[in-house]
Amino acid sequence: MTDAELRTKPLRLADRTALDDAIDEHDHLLVEFYTDGCGKCKMQEPVLGNVARVTDVTVAMINASHTLDLVDELEMQGVPTLVFYREGEVVEQLFGYHGTDELVGVVEDTRHRADESS
């Protein structure tokens, strides 16, 4: 798979170890925590592909039932939950379905705030 193809599809992470590796590997990472059978989660997936295409942020997905410790740690309200990591730190957390324009705006705004604080 080429770099361009990898950027257009969310990474599918199997467990907490894979998530931790992705957080360590990517300076900017947007992660959807989902569960099987969640309708809003299924609707979110193509949006995540759009975000991956129009930004340079790595996008990933992980089944929340594989990271129950993190669900508690982040005090998630339910699924889908979207968490944006910058340099290993949580900088934004959103609950529920969000459209492409909104997510791209969140990514750009969060990155802009990070640039200003550097």
Side-chain angles (χ1 to χ4, degrees):
M1 222 180 243
T2 68
D3 286 344
E5 289 173 320
L6 286 173
R7 277 202 1 216
T8 62
K9 295 184 182 210
L11 301 173
R12 294 205 176 259
L13 306 174
D15 54 27
R16 177 70 187 257
T17 301
L19 175 61
D20 289 341
D21 290 346
I23 291 168
D24 289 343
E25 184 178 332
H26 302 282
D27 289 340
H28 300 95
L29 180 68
L30 177 64
V31 180
E32 177 198 21
F33 291 83
Y34 70 93
T35 57
D36 294 330
C38 167
K40 288 183 181 181
C41 300
K42 288 180 184 181
M43 289 173 32
Q44 193 69 68
E45 185 173 355
V47 171
L48 296 174
N50 293 340
V51 172
R53 273 190 290 285
V54 300
T55 70
D56 61 351
V57 170
T58 302
V59 178
M61 301 171 62
I62 189 164
N63 191 318
S65 64
H66 299 163
T67 59
L68 293 178
D69 58 329
L70 190 56
V71 168
D72 289 339
E73 184 181 316
L74 294 173
E75 299 177 358
M76 290 184 197
Q77 299 173 6
V79 290
T81 291
L82 299 158
V83 179
F84 187 61
Y85 294 88
R86 184 178 66 83
E87 297 177 3
E89 300 294 322
V90 174
V91 293
E92 190 73 47
Q93 183 173 330
L94 304 167
F95 170 67
Y97 172 84
H98 298 275
T100 300
D101 291 342
E102 181 181 1
L103 284 182
V104 168
V106 166
V107 166
E108 290 175 352
D109 182 54
T110 302
R111 293 197 66 185
H112 179 69
R113 285 186 306 204
D115 291 342
E116 286 179 346
S117 67
S118 297

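Since we're looking at a predicted model, the values are computed, not measured.
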Any donor-acceptor N/O pair, His28 side chain to Val57 backbone, under 3.5 Å:
no
Residue list, side chain to side chain donor-acceptor pair (under 3.5 Å) with Glu92, at least two apart or on another chain:
Arg113
Got a second to check how far Arg86's CZ is from Leu30's CG, nearest 0.5 Å?
14.5 Å
dist His66:NE2 -> Thr35:OG1 (nearest 0.5 Å) comes out at 10.5 Å
Scan the side chains in residues 36-46 for donor-acceptor partners under 3.5 Å anywhere in the protein, sequence neighbours excluded, and list what turns up.
from, atom 1, to, atom 2, distance (Å)
Gln44, OE1, His98, N, 2.9
Gln44, NE2, His98, O, 2.8
Glu45, OE1, Arg12, NH2, 3.1
Glu45, OE2, Arg12, NH2, 2.3

Same cluster or not: Val79 versus Val71, using hydrophobic residues (I, L, V, M, F, W, Y) connected whenever any side-chain heavy atoms lie under 4.5 Å apart?
no
Please tell me if the side chains of Asp69 and Arg16 come closer than 4.5 Å, counting only heavy atoms from C-beta onward.
yes
Distance, nearest 0.5 Å, that separates NE2 of His26 from CD of Glu87
14.0 Å
In chain order, what residues pass the side-chain contact (heavy atoms from CB on, under 4.5 Å) check against Ala60, with sequence neighbours excluded?
Leu11, Leu13, Leu29, Val31
Could you tell me the separation between the CG atom of Asn50 and the CG atom of Leu103, rounded to the nearest 0.5 Å?
9.5 Å
With sequence neighbours left out, the residues meeting side chain to side chain donor-acceptor pair (under 3.5 Å) with Asp24 are none
Grouping I, L, V, M, F, W and Y whenever their side-chain heavy atoms are under 4.5 Å apart, do Ile62 and Val90 come out in a common cluster?
yes
Mark yes or no for whether Thr81, through its side chain, and Gly78, through its backbone, hold a donor-acceptor pair below 3.5 Å.
yes
When you look at CD of Glu73, are more than 12 heavy atoms from neighbouring residues, nucleotides or ligands closer to it than 6.0 Å?
yes
Heavy-atom side-chain proximity of Phe33 to Thr67 below 4.5 angstrom:
yes
For Asp15, enumerate each residue passing the side-chain contact (heavy atoms from CB on, under 4.5 Å) test, keeping only those at least two apart in sequence or located in another chain.
Thr17, Ala18
With Glu89 via side-chain contact (heavy atoms from CB on, under 4.5 Å) - residues at least two apart:
none
Verify, without hydrogens or angle tests, whether Gln93 (side chain) and Leu74 (backbone) share a donor-acceptor contact under 3.5 angstrom.
yes
Of all heavy-atom pairs between Leu48 and Pro10, which one has the smallest distance, and what is that distance?
CB-CG, 3.8 Å
